[in-house]
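Here is the structure we will look at, set down as structure tokens.
Predicted model only: the values in this text are computed from it and were never measured. Throughout, protein chains are lettered first and strands after them, A, B, ... in sequence-line order, and every chain is numbered starting at 1.
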Number of protein chains: 4
Amino acid sequence: LVMSKGTVVLAYSGGLDTSCILVWLKEQGYDVIAFLANIGQSEDFDAARKKAENLGAKKVFIDDLRAEFVTDFIWPAVQANAIYEDRYLLGTSIARPCIARRQVEIARREGAQFVSHGATGKGNDQIRFELTCYALYPEVKVISPWRIPEFYNSFKGRKDLMEYAEKHGIPVPVTPKAPWSMDANLMHISYESGILENPKTHAPGDLYLMTKNPEDSPSTSDVLEIQFKNGNVNKQYLIGKHGVGRIDIVENRFIGMKSRGIYETPGGTILLKAHLDIETFTMDKEVRRIKQGLGVRISELIYNGFWYSPEGEYLRHCIAKSQENVEGKVQLSVFKGQVYILGRESPKSLYNEELVSMDVQGDYEPSDASGFIKIIAVR
Amino acid sequence: LVMSKGTVVLAYSGGLDTSCILVWLKEQGYDVIAFLANIGQSEDFDAARKKAENLGAKKVFIDDLRAEFVTDFIWPAVQANAIYEDRYLLGTSIARPCIARRQVEIARREGAQFVSHGATGKGNDQIRFELTCYALYPEVKVISPWRIPEFYNSFKGRKDLMEYAEKHGIPVPVTPKAPWSMDANLMHISYESGILENPKTHAPGDLYLMTKNPEDSPSTSDVLEIQFKNGNVNKQYLIGKHGVGRIDIVENRFIGMKSRGIYETPGGTILLKAHLDIETFTMDKEVRRIKQGLGVRISELIYNGFWYSPEGEYLRHCIAKSQENVEGKVQLSVFKGQVYILGRESPKSLYNEELVSMDVQGDYEPSDASGFIKIIAVR
Amino acid sequence: LVMSKGTVVLAYSGGLDTSCILVWLKEQGYDVIAFLANIGQSEDFDAARKKAENLGAKKVFIDDLRAEFVTDFIWPAVQANAIYEDRYLLGTSIARPCIARRQVEIARREGAQFVSHGATGKGNDQIRFELTCYALYPEVKVISPWRIPEFYNSFKGRKDLMEYAEKHGIPVPVTPKAPWSMDANLMHISYESGILENPKTHAPGDLYLMTKNPEDSPSTSDVLEIQFKNGNVNKQYLIGKHGVGRIDIVENRFIGMKSRGIYETPGGTILLKAHLDIETFTMDKEVRRIKQGLGVRISELIYNGFWYSPEGEYLRHCIAKSQENVEGKVQLSVFKGQVYILGRESPKSLYNEELVSMDVQGDYEPSDASGFIKIIAVR
Amino acid sequence: LVMSKGTVVLAYSGGLDTSCILVWLKEQGYDVIAFLANIGQSEDFDAARKKAENLGAKKVFIDDLRAEFVTDFIWPAVQANAIYEDRYLLGTSIARPCIARRQVEIARREGAQFVSHGATGKGNDQIRFELTCYALYPEVKVISPWRIPEFYNSFKGRKDLMEYAEKHGIPVPVTPKAPWSMDANLMHISYESGILENPKTHAPGDLYLMTKNPEDSPSTSDVLEIQFKNGNVNKQYLIGKHGVGRIDIVENRFIGMKSRGIYETPGGTILLKAHLDIETFTMDKEVRRIKQGLGVRISELIYNGFWYSPEGEYLRHCIAKSQENVEGKVQLSVFKGQVYILGRESPKSLYNEELVSMDVQGDYEPSDASGFIKIIAVR
């Protein structure tokens with residue numbers, strides 16, 4: 001009889017990698033609790049539960065985090081107009097702290113001293129995951145197999161994993177794996193690595209699962225009206241049928257290397273454009289400039305894994321403050337991969353139709369502008 | 001016999017407003033030189049020349065500035081990824097200093113102490129125009145009729161202009177004016193005021209002149225390859241047939257009021273997206289962050305009219321410096337209003353396929369990431 | 001009998017300029033209410049009241065604003081570490097909105113449609129003053145005599161003022177005016193113009209009124225302990241005997257010209273240094289970086305007169321939020337013009353003596369730093 | 001006979017720590033080249049050479065880097081007004097890349113694959129040192145004994161080092177070590193750790209070696225005139241007799257912990273204040289704002305060890321560009337720990353005495369300011 005080394009809560013996906021890790025952790029002498037978060041990815045959760053139980057998980061938690069993912073992570077990102085390096089909407093980056101937050105809650109509740117995950121040693125997700133764990137459960141110990149030489153030297157390729165799986169009764173996927181890796185949630189899907197690693201290679205047309213190919217999307221547009229209050233939205237528009245939100249980028253990872261990623265974020269793209277519009281409509285110009293800078297900053301933090309950090313909390317507070325009057329309706333149409341703002345209205349608008357009108361003089365004295373221009377030309 | 005008050009170089013468009021101004025300036029006792037810049041707008045330049053001569057212009061200059069507009073203004077804007085308030089590509093803003101630069105050259109050459117323009121007293125263009133004039137010809141005096149009470153109180157609406165025109169033999173347009181105003185050059189067209197002043201009103205479908213309606217645009221995509229060197233492009237892709245580059249925004253004018261503008265910038269949008277891609281591919285991550293901040297800053301300057309200013313020169317120098325290695329090819333497709341990056345390659349790429357690969361270990365030790373994460377979690 | 005043009009509340013100093021303005025406003029047909037704020041300047045307030053009454057002021061208000069100046073203006077500036085262009089502690093800039101706030105309160109209460117002040121047409125104070133008035137009382141009309149040609153063309157120099165004073169029974173100062181102008185409050189005194197306009201001229205030794213010449217200051221230091229809570233101080237240390245806080249700078253005015261100013265800010269300098277110390281001691285590193293940027297920004301706003309503005313309110317909110325844990329004691333000594341921090345302690349300190357110690361290993365694994373360094377060197 | 005593991009160039013100080021490391025490296029099987037940089041610290045270089053030779057160094061290089069330290073490191077820092085966290089002048093931070101640059105030059109020339117240093121595993125210097133090495137000699141391997149468990153577990157305190165020294169014939173210092181550590185060069189001395197680790201403890205009066213105690217410094221001031229050209233100085237003013245430049249701070253290390261440091265930087269403080277003055281005098285206001293932001297950024301980079309990095313090079317280029325007109329003379333006096341600017345003059349001044357004068361009207365129309373203020377109040 002061997003003493004357990006302790007209990008580890010494993011972020012379990014149901015796939016080959018984390019199934020092997022589950023068994024490997026048991027081999028190392030740990031009790032393993034499997035935790036699978038439902039954040040809107042397409043998955044057979046019942047089958048995943050059974051699989052984990054069969055592989056010897058002491059307990060299995062499958063938690064539906066969709067509502068809190070939207071409320072606590074997507075909305076603040078929308079408020080911030082969060083975009084990394086001018087293009088990436090951070091769909092994976094904001095999911096990690098959501099998952100890890102629940103994982104350490106389980107670890108605390110179940111008295112587990114360890115957490116584990118299947119993120120690779122070259123990526124951003126390991127950092128996002130672990131910084132959240134250390135922030136919310138400072139005493140926890142993280143087991144990161146893909147950074148442990150005994151593990152990663154044994155599993156140099158997919159073939160090694162397959163052999164290990166067969167030896168240990170882990171069900172092996174029957175369909176061949178796509179030649180790239182994928183991460184999905186209700187906001188977006190990301191694709192990277194494999195054949196996508198060559199930045200020149202075009203993505204195959206059948207890669208995208210969440211958005212229709214714009215060439216095949218409806219040939220009539222849909223007109224939507226999105227309503228905001230405090231910078232938040234009252235409904236969800238997370239739809240892919242019009243092919244909106246596909247990007248193919250090279251990005252700078254936190255750890256300094258460049259990588260190529262392909263993302264589809266249909267609803268997030270629509271929301272971002274609508275929010276940007278209502279925000280400019282209702283927010284003072286100079287407050288907007290300051291807030292824009294804070295938004296760039298929090299986008300970097302989110303990407304780098306610092307959602308739970310003193311500066312992350314501070315920036316979210318400041319950004320939320322800026323949203324108090326961001327309220328109103330944006331009308332837009334969606335058509336063949338593109339979003340078109342059509343109009344907007346707001347009870348909190350700072351737009352003064354009379355002031356701006358070329359036909360109405362109002363209080364504004366054009367001759368004042370002469371003094372203004374002369375003064376700014378003094379330099 | 002009346003002594004002339006001096007010579008004024010008028011930025012003449014050929015339209016009703018500046019024709020009236022031309023005659024009005026003569027009435028005030030000035031000799032008027034009419035100057036019309038060809039920056040790619042659609043215009044009958046011969047007719048405009050004749051009209052100006054008939055109205056009594058002492059001289060008429062119609063100069064083709066298209067090449068220098070591209071080289072000296074569009075390229076630096078592309079290098080900067082210049083965007084105002086996250087959306088507007090500054091197509092009008094960069095045209096003003098180009099036109100005014102030539103205008104003061106003419107004024108100096110012709111010994112004119114005055115320049116004049118038809119920009120309104122509530123807009124940005126008056127500022128862009130005049131700051132350029134004061135920067136390049138500090139002793140010049142600007143006559144801005146729309147800010148002179150005697151002028152603007154006599155011309156309270158279009159009807160007053162029409163009456164004045166008829167009285168002074170100024171040809172009156174036979175077709176009714178569109179219920180908005182417009183500014184065009186080879187990079188873009190902007191539409192504002194009139195019925196567009198209500199931010200809720202949708203733009204009519206026949207407003208757009210430069211881009212096809214995406215619903216009617218070709219149903220097959222075009223694939224382009226854009227080549228960069230020092231952040232500049234070796235060819236022009238300023239095409240509208242795919243309906244790319246339409247935006248409808250509310251923006252903050254320099255003088256503090258919000259206004260609604262509709263813009264179409266087909267080629268500029270394609271260039272911006274391509275440049276963003278090749279830049280991220282070839283530029284160091286941290287240099288990019290610094291340069292991104294400088295780009296936001298110069299975008300505000302350009303919008304506000306400070307193209308010719310000490311800080312404008314300084315920023316353009318710093319941004320150009322950052323572009324020394326921005327070189328390579330971007331493959332993209334254009335379809336129904338949207339641009340899709342497909343791939344990129346560069347002799348100066350900082351992308352290391354081996355380093356990023358999940359299948360290749362290389363020099364990178366995943367276990368180093370453990371130390372990295374622990375250190376950044378120290379706080 | 002002439003109808004009054006209305007009532008004007010004049011920011012009255014008791015000196016020659018505003019006395020002449022008082023009389024001149026009456027000549028123009030206004031009823032004049034004189035308002036003199038006590039913000040700690042050295043002044044015979046009773047004599048000033050009598051003088052204003054004798055000159056025909058309808059009412060005279062002399063209000064003690066010292067407490068609210070400290071609470072509502074100095075503390076927020078200290079929290080922000082507010083410094084303009086790296087050197088100027090903004091002692092005059094924060095006094096203007098304090099005075100103008102009360103002035104428009106009086107104007108509203110007394111039903112006055114006008115306010116007036118004696119600030120010159122080339123300085124910053126006119127802007128600070130008027131932006132506050134327009135922000136807090138948008139319908140008010142400002143009468144700024146030094147920008148009204150009929151006024152400033154009649155008073156081209158001090159001699160004209162003296163003659164006007166004699167003619168109108170305004171008491172003329174018997175002692176000759178110092179060859180510079182001065183602005184004082186409990187936080188600081190500024191000196192500018194006159195012989196100081198030549199930036200090469202050294203300031204005369206007898207210029208300074210608030211601080212002792214360090215050469216004559218005590219030859220033993222005083223040790224102080226300053227206690228902070230939420231970034232604020234529980235006592236005042238606004239003393240000049242040690243000669244602290246003298247600076248001689250050239251600064252950039254809002255309206256674009258450079259000017260030379262000499263300032264003495266004894267207590268403010270001590271507070272700034274103490275606050276900087278306790279803040280770094282208790283605030284998270286990255287929150288501090290963000291807050292430092294916000295502090296630079298609000299300093300420019302304050303200097304330019306935007307204390308009461310949407311962005312000013314927003315920044316003060318964000319900065320106050322950052323101060324929640326800025327608490328503790330700073331020990332310092334003051335000696336011959338310099339402040340020396342000696343030590344600090346705080347219940348909210350983030351300083352971890354064990355972690356930083358070279359003799360104690362603690363939880364920190366030095367080998368983690370190897371991974372950290374290798375990762376940050378990846379680029 | 002044992003094969004050598006290769007040659008290591010050790011940054012040797014002559015003190016106990018690096019002497020022990022020299023011998024320990026030999027024990028591990030390396031050939032050791034000792035390298036000692038003269039950057040102005042007070043040291044018996046001949047004795048150090050002999051000591052290293054006696055301890056078995058294969059070669060000893062003692063290089064005088066004082067001139068290049070001033071030219072290549074101090075001047076760029078002065079141009080940037082480089083200050084970390086508002087207070088620290090970076091005297092140690094800029095010395096590290098200077099030393100490490102020469103060290104890797106020697107390593108390349110001597111065919112050494114290794115470099116080594118005695119910096120601790122909790123500090124910033126290890127990072128500054130190693131990032132420079134990796135940047136300039138990417139294939140080099142760094143041996144950092146204080147991060148190698150076999151080393152640091154054997155040497156848990158000074159006593160262990162003393163015993164090891166005695167055992168291996170390493171001369172042991174006869175005078176007791178000061179209860180803090182110290183780092184000196186011609187620009188500054190820093191003191192930290194030991195009894196200084198308690199942030200509340202006041203520094204003992206006899207700690208300072210470079211500056212006189214202001215209480216004992218001359219009781220008459222010295223007046224200096226410092227001349228700048230392109231933001232650089234034509235003479236050195238690195239003197240301590242007036243007690244200028246002492247600070248006692250808590251700072252945030254790169255690796256996230258707070259530490260207390262005491263610094264004295266006499267000449268650097270004078271230069272910084274003089275440069276700040278001449279820069280504001282000669283540089284356009286808005287260029288200055290941009291450059292101020294770049295200066296904050298490079299200060300962080302320098303502190304964190306990124307002197308040699310793409311962004312470091314880029315920022316130095318941009319900052320140097322801003323200095324082209326920073327030229328002129330600053331008069332200042334130095335007295336009892338404080339620097340007082342007295343006046344300045346420059347052939348490149350942007351200061352316009354006539355424009356700023358309250359007595360001269362010039363081209364400036366005060367009434368223009370009315371329009372300016374009304375326009376900026378539109379919001």
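Only the side chain of Leu315(C) comes within contact range of chain A, with at least one heavy atom under 4.5 Å from a heavy atom of that chain. Heavy atoms closer than 4.5 Å to chain C are found nowhere in Arg288(A), neither backbone nor side chain. Heavy atoms of Ser309(C) lying under 4.5 Å from chain A are absent altogether. Contacts of Ile319(A) with chain C are made by backbone atoms alone, with heavy-atom separations under 4.5 Å and no side-chain atom involved. Contacts of Ile298(C) with chain A are absent, with no heavy-atom separation under 4.5 Å from either backbone or side chain. Within the 4.5 angstrom heavy-atom criterion, only side-chain atoms of Leu294(A), from C-beta onward, approach chain C.
Considering only heavy-atom pairs separated by less than 4.5 Å from chain A, the leading option among Lys321(C), Met257(C), Glu313(C), Glu286(C) is Lys321(C). Looking only at heavy-atom pairs under 4.5 Å with chain A, the residue among Asn252(C), Ile376(C), Asp284(C) that has the most is Asp284(C).
In this structure, the side chains of Ile375(A) and Ile255(C) come closer than 4.5 Å at one or more pairs of heavy atoms. Side chains of Arg297(A) and Arg289(C) form a contact here, defined as non-hydrogen atoms less than 4.5 Å apart.
Heavy-atom neighbours of Lys200(A) NZ from other residues, nucleotides or ligands within 6.0 Å: at or below the threshold of 12. A 6.0 Å sphere centred on NZ of Lys374(A) holds no more than 12 heavy atoms belonging to other residues, nucleotides or ligands. Within 6.0 Å of the NZ atom in Lys5(A), the count of heavy atoms belonging to other residues, nucleotides or ligands exceeds 12.
Tyr314(C) places a side-chain N or O within donor-acceptor distance of the main-chain N or O of Cys318(A), the cut-off being under 3.5 Å.
For the atom pair OG of Ser322(C) and NE2 of His317(A), the computed distance is 10.0 Å after rounding to the nearest 0.5 Å.
Residues satisfying the ring pair (Phe, Tyr, Trp, His ring centres under 6.0 Å) test with Tyr88(A), not counting sequence neighbours, are Tyr263(A).
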